[in-house]
Amino acid sequence: MSIEESTTPKHFIREIIAKDVAEGKHGGKVVTRFPPEPSGYLHIGHAKAICLGFGMAKEFGGVCHLRMDDTNPVKEEAEYEESIKEDIRWLGFDWGENLYYASDYFEQLHGFAIQLIEAGKAYVCQLSQEEWRDYKGSPTEPGKESPYRNRSVEANLDLFKKMTDGELDEGPHVLRAKIDMVSPNLHLRDPAIYRILKVPHHRLGNKWSVYPMYDFAHSLSDAIEGITHSLCSLEFEVHRPLYDWIIEQVQAFPSKQYEFARLELGYTVIGKRNLKELVEKGLVSGWDDPRISTLAAFRRRGYTPESIRNFCETIGLTRFKSLTDIALLEHSIRGDLNAKVSRVLGVLDPLKVVIENYPEEKEEILEGINNPTNLDAGTRDVPFSRELYVEREDFMEDAPKKFFRLTPGREVRLRYAYFITCQEVIKNEQGEVVELRCTYDPETRGGNAPDDERSKGRFIGFPRGMLFRQRFASMIGYLPRKSR
RNA sequence: UGCCCGAUGGUGUAGUGGUAGCACAAACGACUCUGACUCGUUUAGCCAUGGUUCGAGUCCAUGUCGGGCAACCA
């Protein structure tokens, strides 16, 4: 009809990058990064960030770094690094040679900290945490300057060295950036950039007794790696001025941060701390418990990487919080599985069916199509005999006209087999249906059924002792059914 | 009581001063050896009030509502 619309929807990040590339910023290079903290498994929300980071890099001929943001040894473990790498690979992304660790930059970061001290832009503060809180002020009140704020450069250098050498205990001694205690942005009120932590790091052991704080480590790690577009979620928006300030002070590579709204899904708990709590309290069976929103769990449920990537593309990207309908995710996986997964039959709640006019000893093999949307997927044997089981849900004694499955007197098709008609319903003493006596029509054998008008009612499945309700399956997963 | 960000059908979004589109969901119908898929139809939207303009979802002002910010977490 009209202009061909681009398959990739526009969003503000894409436009920013496209503009930068067009203007030749950074020589037209695009370097993004995904910086997980190895303190938990990746979840569906991370998938959005991963698809964005790797997606943008790929789209603009750049690269996306995977950087373990391991700056807090009390929370991080090696186990998580492996799961993170596995999940990203599974999603279909490749960081190539670009696997980094914030901890690999500790030496450089430490040097930057000294540089800051020498420039009079950082100082060692000895306020207790309670005092600190008091001095910091609040969103509505300005903060007060720490009495340690104007120590000499020499004193600061000496104290920071003592902190680094492990001569001071964890506690009051903290290296702070000297910015502005009355800034309306609380993050600029002389934020901590280094604290003493006498905890072994999972990669570096006891090498360090001081560790950089997020803002300091993250901004400079980005700069060290030459990240052109540092994409993160909205909650870091208020950190941006600090991010820029730090990079500016040490004249590092001018990485820029851009924020977008994180994913929120209906009926779904997303959030590493929440998931971690569920796992650690034993409320779920593990990080891949199918009920939770980790990528490991979705994988176990049979979700495909394609469906998740497609979902991430579908939901778009904005700067305002929203709650995405879980139906969007389900639509994505349903469409993907429908196109490429072989069907299987299974019965959850069996009800016996006896075909009265089918020979006692006879058993025949019928042909079932593995995937109607892709005949190349072949066929499978579907046994048929006098006794079968159907899903109890597929029978209704007193059925409304809209019920297309088994009900007394109505002829229906057993998928890939014959038309059958329920002649009699057998119940036990409690009045529960325990067996159906049916007849079949030999002329209606699956595949070449003559009829048309007759088979208004039809349904699925079956074999051997079992007549099954059909489900898609991939591994142990299943296709989420549309809620009715 | 401060500062920052945001606001388009039920949901997610596009629209960059010139006819408000798309997807999901829902309803109805067609098709079907999966009540699936597919196809068709329908329902339904610019937070409010002013202003600028020939013309405003878009620009401006004010208001309303929502979110974020006071870890030695990331």
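Basis for what follows: all heavy atoms, side chains included, without hydrogens, waters or symmetry-related copies. These numbers come from a predicted model, not from an experiment. A, B, ... follow the sequence lines: proteins, then strands. Residue 1 opens every chain.
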Engineer: Taking any strand in view, what nucleotide pairs with B:rG2 in a Watson-Crick or G-U wobble way, both distances under 3.5 Å?
Structural biologist: B:rC69

Engineer: Between B:rA74, B:rA70, B:rG12, which nucleotide has the shortest distance from any of its atoms to the side chain of A:L186?
Structural biologist: B:rA70

Engineer: Rounded to whole Å, please give me the gap between CZ in A:R334 and C1' in B:rA25.
Structural biologist: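 Rounding to the nearest Å, CZ of A:R334 and C1' of B:rA25 are 11 Å apart.
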
Engineer: Do A:H110 and A:F160 make the cut of ring centroids closer than 6.0 angstrom?
Structural biologist: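 Ring centroids of A:H110 and A:F160 are less than 6.0 Å from each other.
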
Engineer: Judged by each residue's nearest nucleotide on RNA chain B, which is more toward the 5′ side, A:P212 or A:E237?
Structural biologist: A:E237

Engineer: Taking B:rG35 as the reference, what is the distance to B:rG67 when you measure between their C1' atoms (whole Å, please)?
Structural biologist: 42 Å

Engineer: Measuring to OP1 and OP2 of B:rU13, would you say a side-chain N or O of A:T318 lies under 4.0 angstrom away?
Structural biologist: yes

Engineer: Let's see if you can work this out: which of B:rU34, B:rC69, B:rC5 has an atom nearest to the side-chain heavy atoms of A:R415?
Structural biologist: B:rU34

Engineer: In whole angstroms, how far is the P atom of B:rA74 from the CZ atom of A:R67?
Structural biologist: 13 Å

Engineer: I'd like to know if A:E76 and A:R203 make a salt bridge, using a cut-off of under 4.0 Å between side-chain N and carboxylate O.
Structural biologist: no

Engineer: Under 4.0 Å, counting only non-hydrogen atoms across every strand here, what does A:P35 touch: a base, just sugar-phosphate, or nothing?
Structural biologist: nothing

Engineer: Ignoring backbone atoms, test whether A:T140 places a side-chain nitrogen or oxygen under 4.0 Å from the OP1 or OP2 oxygen of B:rA70.
Structural biologist: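 No, outside the criterion.
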
Engineer: Using a 4.5 Å cut-off on heavy atoms from C-beta on, say whether the side chain of A:K48 contacts that of A:I315.
Structural biologist: yes

Engineer: Answer with base, sugar-phosphate or nothing: what part of the nucleic acid does A:K321 contact at a heavy-atom distance below 4.0 Å?
Structural biologist: sugar-phosphate

Engineer: Considering every strand and a 4.0 Å limit on heavy-atom distances, what is the contact class for A:N72: base, sugar-phosphate, or nothing?
Structural biologist: sugar-phosphate

Engineer: Could you please name the partner base of B:rC59, counting Watson-Crick and G-U wobble pairs only when both distances are under 3.5 Å?
Structural biologist: B:rG51

Engineer: Could you give the CZ-to-P distance, from A:R240 to B:rA74, as a whole number of Å?
Structural biologist: 20 Å

Engineer: Counting heavy atoms from C-beta on, name the nucleotide in B:rG12, B:rA71, B:rU11 closest to the side chain of A:S322.
Structural biologist: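 Comparing B:rG12, B:rA71, B:rU11 against the side chain of A:S322, the answer is B:rG12.
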
Engineer: So which nucleotide does B:rU38 pair with, by the Watson-Crick or G-U wobble rule with both distances under 3.5 Å?
Structural biologist: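 Matched B:rU38 with B:rA30 under the 3.5 Å cut-off.
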
Engineer: Hunt down the Watson-Crick or G-U wobble partner of B:rC24, both distances under 3.5 Å, from any strand shown, or write none.
Structural biologist: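 Across any shown strand, B:rC24 pairs with B:rG10.
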
Engineer: Quick one: which of B:rC3, B:rA70, B:rA74 gets closest to the side chain of A:P184?
Structural biologist: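 Nearest to the side-chain atoms of A:P184, counting from C-beta on, is B:rC3.
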
Engineer: Check every strand shown and say whether A:E15 touches a base, only sugar-phosphate, or nothing at a heavy-atom separation below 4.0 Å.
Structural biologist: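 Answer is base: heavy atoms of A:E15 come under 4.0 Å of a base.
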
Engineer: In whole Å, I'd like the distance from the CG atom of A:L337 to the P atom of B:rU34.
Structural biologist: 18 Å

Engineer: So A:R67 and A:H218, do their side chains get closer than 4.5 Å, heavy atoms only?
Structural biologist: yes

Engineer: Whole-Å distance between B:rA74 C1' and A:R262 CZ?
Structural biologist: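 One finds 10 Å between C1' of B:rA74 and CZ of A:R262, rounded.
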
Engineer: Using whole Å, report how far CD of A:E391 lies from P of B:rU34.
Structural biologist: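 Roughly 17 Å, once rounded to whole Å.
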
Engineer: Pick out the pairs of N or O atoms, protein on one side and nucleotides 38-43 of chain B on the other, that lie under 3.5 Å.
Structural biologist:
none

Engineer: Is the shortest side-chain heavy-atom distance between A:C51 and A:F311 below 4.5 Å?
Structural biologist: no

Engineer: At 4.0 Å (heavy atoms only), tell me whether A:S39 reaches a base, stays on the sugar-phosphate, or touches nothing.
Structural biologist: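 A:S39: no heavy atom of the nucleic acid under 4.0 Å.
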
Engineer: Under 6.0 Å between ring centres, would you say that holds for A:F12 and A:F260?
Structural biologist: no

Engineer: Any heavy-atom pair between the side chains of A:I50 and A:L42 that's under 4.5 Å?
Structural biologist: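 Side-chain contact under 4.5 Å: yes.
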
Engineer: Can a side-chain donor-acceptor contact be found between A:N371 and A:S342 if the only test is distance below 3.5 angstrom?
Structural biologist: no

Engineer: Suppose we define a pair by two distances each less than 3.5 Å, Watson-Crick or G-U wobble; what does B:rU16 pair with here?
Structural biologist: none

Engineer: Does a side-chain N or O of A:R195 approach OP1 or OP2 of B:rA74 to a distance below 4.0 Å, or not?
Structural biologist: yes

Engineer: Return yes if some donor-acceptor pair links the side-chain N/O of A:R413 with the main-chain N/O of A:A417 below 3.5 Å, else return no.
Structural biologist: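 Answer holds: yes.
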
Engineer: What is the separation between atom CD1 on A:I326 and atom P on B:rG12, rounded to the nearest whole Å?
Structural biologist: 14 Å

Engineer: Within the 4.0 Å heavy-atom criterion, would you say A:G171 contacts the bases, only the backbone, or no part of the nucleic acid?
Structural biologist: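 Here A:G171 touches the bases of the nucleic acid.
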
Engineer: What is the distance from CG of A:D190 to P of B:rA71, rounded to the nearest Å?
Structural biologist: 15 Å

Engineer: Under 4.0 Å, counting only non-hydrogen atoms across every strand here, what does A:Y194 touch: a base, just sugar-phosphate, or nothing?
Structural biologist: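 Counting heavy atoms under 4.0 Å across all strands, no contact is made by A:Y194.
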
Engineer: Categorize A:H187 for me: base, sugar-phosphate, or nothing, with a 4.0 angstrom heavy-atom threshold over every strand shown.
Structural biologist: sugar-phosphate

Engineer: Of A:N371 and A:L127, whose closest RNA chain B nucleotide lies nearer the 5' terminus?
Structural biologist: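 So the residue in question is A:N371.
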
